Engineer: 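What follows is a structure written as structure tokens; I'll ask about it next.
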Amino acid sequence: MNARFNLLPDPAFVELKPALTLRLERLVASLQPEQFAALLDPVMRQTLERGFIEAGAHEGTVWLLDGAEQNLVPVHNTGPDAKRLVGQFKQPLSSGLICMVFASEQPFLENEVWKNAAQSKLLDSKLGLQTCAMIAVPFYFLNACRGVVSCVQLKRDNADSAELRGFRPEDLASVQIVAALLSQLLEYRLLSRAIGWSSD
């Protein structure tokens, strides 16, 4: 038997939709990049970590637009240099592959990043490494692109980049799923705060 579950909007809640939408928009507008980490609960962090590992990445990053709307800034990173990256680095919107993805809202996969003229070397120079392969996808929540979710394969300390397998289309699909899951979890958390389900 194929029993279909129909869940229709309650008229009492439909009437509150404009007020709730406005409340959520104000919450997002007031959210600063440095506050984002407080919204990431263990489930969100594990979702990101496992998704990046499944994609074959060495590490991954969540990027958000800064308050001045002039840079993308890393707000979460799963790698060993996270403390040197989160809250310490800004990527100008005028350059770099990450910002290209944000501006175009198109996913990106590249296995020879160091050969791509559009790649900004700012972060690699800061951390003393070379980005060999990259996946980057737009990061949406509350009906707008707010940033980028990216993951990379890196060469450190003169290691042989030939050992890196690169990314495949299915890895890109995995990262897109991770970004979508993070979006839904984040929206639920914001909704919970907006209506008083949760205060943490």
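Bear in mind the structure is a predicted one, so any value in this text is a computation, not a measurement. Both backbone and side-chain heavy atoms feed into the values below; hydrogens, waters and symmetry mates do not. Residues: numbered from 1 along the sequence shown.
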Engineer: The test is side-chain contact (heavy atoms from CB on, under 4.5 Å); show your working for Leu93 and Asn71 and say whether it passes.
Structural biologist: CA-CA 5 Å; Leu93 288 178; Asn71 308 278; 5.6 Å; no

Engineer: Looking at Glu110 and Ala133, would you say the former's side chain and the latter's main chain have a donor-acceptor pair under 3.5 Å?
Structural biologist: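 No; zero donor-acceptor contacts below 3.5 Å.
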
Engineer: To the nearest 0.5 Å, what is the distance between CG on Leu40 and NE2 on His76?
Structural biologist: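 Going from the CG atom of Leu40 to the NE2 atom of His76 covers 6.0 Å.
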
Engineer: Quick one: are Leu123 and Leu129 in side-chain contact, heavy atoms under 4.5 Å?
Structural biologist: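 No, side chains not in contact.
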
Engineer: With a 4.5 Å cut-off on side-chain heavy atoms, are Pro138 and Val101 touching?
Structural biologist: yes

Engineer: Can you check whether Val152 reaches Glu59 side chain to side chain, under 4.5 Å on heavy atoms?
Structural biologist: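 Side chain of Val152 against side chain of Glu59, heavy atoms only: contact under 4.5 Å found.
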
Engineer: Does atom CZ of Arg50 have more than 12 heavy-atom neighbours from other groups under 6.0 Å away?
Structural biologist: no

Engineer: Got a donor-acceptor contact below 3.5 angstrom from the Gln153 side chain to the Gly56 backbone?
Structural biologist: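 Looks like yes, one N/O pair under 3.5 Å.
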
Engineer: Could you measure the distance from the CG atom of Leu191 to the CG atom of Leu27? Nearest 0.5 Å is fine.
Structural biologist: 10.0 Å

Engineer: Which heavy atom in Ala179 sits nearest to a heavy atom in Val149, and how many Å separate them?
Structural biologist: CB-CG2, 4.0 Å

Engineer: Taking Asn77 for its side chain and Gly79 for its backbone only, find out whether a donor-acceptor pair lies under 3.5 Å.
Structural biologist: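 Flag set: sc Asn77 to bb Gly79 pair under 3.5 Å.
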
Engineer: Report the C-alpha separation of Arg84 and Asp81 in whole Å, then their side-chain angles, then the decisive distance to 0.1 Å, and conclude whether the salt bridge (charged side-chain N to carboxylate O under 4.0 Å, His left out) test is met.
Structural biologist: CA-CA 5 Å; Arg84 298 174 60 197; Asp81 295 311; 3.8 Å; yes

Engineer: For residues Val75 and Leu185: do they belong to one hydrophobic cluster (side chain heavy atoms under 4.5 Å, members Ile, Leu, Val, Met, Phe, Trp, Tyr)?
Structural biologist: yes

Engineer: Using a 3.5 Å distance criterion without hydrogens, assess whether the side chain of Thr78 forms a donor-acceptor pair with backbone atoms of Gly60.
Structural biologist: yes

Engineer: Within the 4.5 Å heavy-atom criterion, are Leu190 and Leu142 side-chain neighbours or not?
Structural biologist: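 They are in contact (side-chain heavy atoms under 4.5 Å apart), so the answer is yes.
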
Engineer: Could you tell me if the side chain of Phe102 sits less than 4.5 Å from the side chain of Leu97, heavy atoms only?
Structural biologist: no

Engineer: Which heavy atom of Val137 sits nearest to which heavy atom of Val175, and what is that distance?
Structural biologist: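 Taking Val137 first and Val175 second, the nearest heavy atoms are CG2-CG1, 4.0 Å.
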
Engineer: Heavy-atom distance under 4.5 Å between the side chains of Phe141 and Leu182, does that happen here?
Structural biologist: no

Engineer: Check whether Tyr188 and Val43 end up in the same hydrophobic cluster, where Ile, Leu, Val, Met, Phe, Trp and Tyr are linked by side-chain heavy atoms less than 4.5 Å apart.
Structural biologist: yes

Engineer: Count the heavy atoms belonging to other residues, nucleotides or ligands that lie under 6.0 Å from CG of Asn116, then report whether that count exceeds 12.
Structural biologist: yes

Engineer: Output yes when Arg168 and Asp171 qualify as a salt bridge under the 4.0 Å nitrogen-oxygen rule, no when they do not.
Structural biologist: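 A salt bridge links Arg168 with Asp171.
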
Engineer: For the residue pair Phe108 and Leu172, what are the closest heavy atoms and their distance?
Structural biologist: O-CD1, 4.1 Å

Engineer: Would you say Ile135 ends up clustered with Ile53 if hydrophobic residues are merged whenever their side chains have heavy atoms under 4.5 Å apart, either directly or through other cluster members?
Structural biologist: no

Engineer: Treat each ILVMFWY residue as a node, draw an edge where side-chain heavy atoms are under 4.5 Å apart, and state whether Leu31 and Val73 are in one component.
Structural biologist: yes

Engineer: Determine whether a donor-acceptor pair (N or O, by modelled atom type, separation under 3.5 Å) exists between the side chain of Arg146 and the backbone of Leu64.
Structural biologist: no

Engineer: Which class fits the ring pair Phe89 and Trp63: parallel under 30°, tilted 30 to 60°, perpendicular over 60°?
Structural biologist: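 Geometry flag for Trp63 against Phe89: perpendicular rings.
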
Engineer: Are Val86 and Leu122 joined in one hydrophobic group, where the rule is that I, L, V, M, F, W and Y side chains link up if heavy atoms are under 4.5 Å apart?
Structural biologist: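 Shared cluster, no.
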
Engineer: Backbone N or O of Leu72 within a donor-acceptor pair of the Asp66 side chain at under 3.5 Å?
Structural biologist: no

Engineer: Can you tell me which residue pairs pass the side chain to side chain donor-acceptor pair (under 3.5 Å) test with a partner in residues 15-42, sequence neighbours excluded?
Structural biologist: none

Engineer: Measure across Gln119 and Asp124 and return the closest heavy-atom pair with its distance rounded to 0.1 Å.
Structural biologist: NE2-OD2, 4.4 Å

Engineer: Of all heavy-atom pairs between Ile98 and Ala136, which one has the smallest distance, and what is that distance?
Structural biologist: CD1-CB, 4.0 Å

Engineer: CZ/Phe139 to OG/Ser183 distance, rounded to the nearest 0.5 angstrom?
Structural biologist: 6.0 Å

Engineer: Sequence neighbours left out, what pairs pass side chain to side chain donor-acceptor pair (under 3.5 Å) with at least one residue falling in residues 85-106?
Structural biologist: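 Output for this query lists Gln91-Ser95, Gln91-Ser120, Glu105-Tyr140.
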
Engineer: Measure across Thr61 and Leu85 and return the closest heavy-atom pair with its distance rounded to 0.1 Å.
Structural biologist: OG1-CD2, 4.0 Å

Engineer: Remaining members of Leu181's ILVMFWY cluster at a side-chain heavy-atom cut-off under 4.5 Å?
Structural biologist: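 Once heavy-atom contacts under 4.5 Å are chained together, Leu181 belongs with Ile177.
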
Engineer: State, yes or no, whether a side-chain contact exists between Cys132 and Trp114 at a heavy-atom distance under 4.5 Å.
Structural biologist: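 Yes, their side chains come closer than 4.5 Å.
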
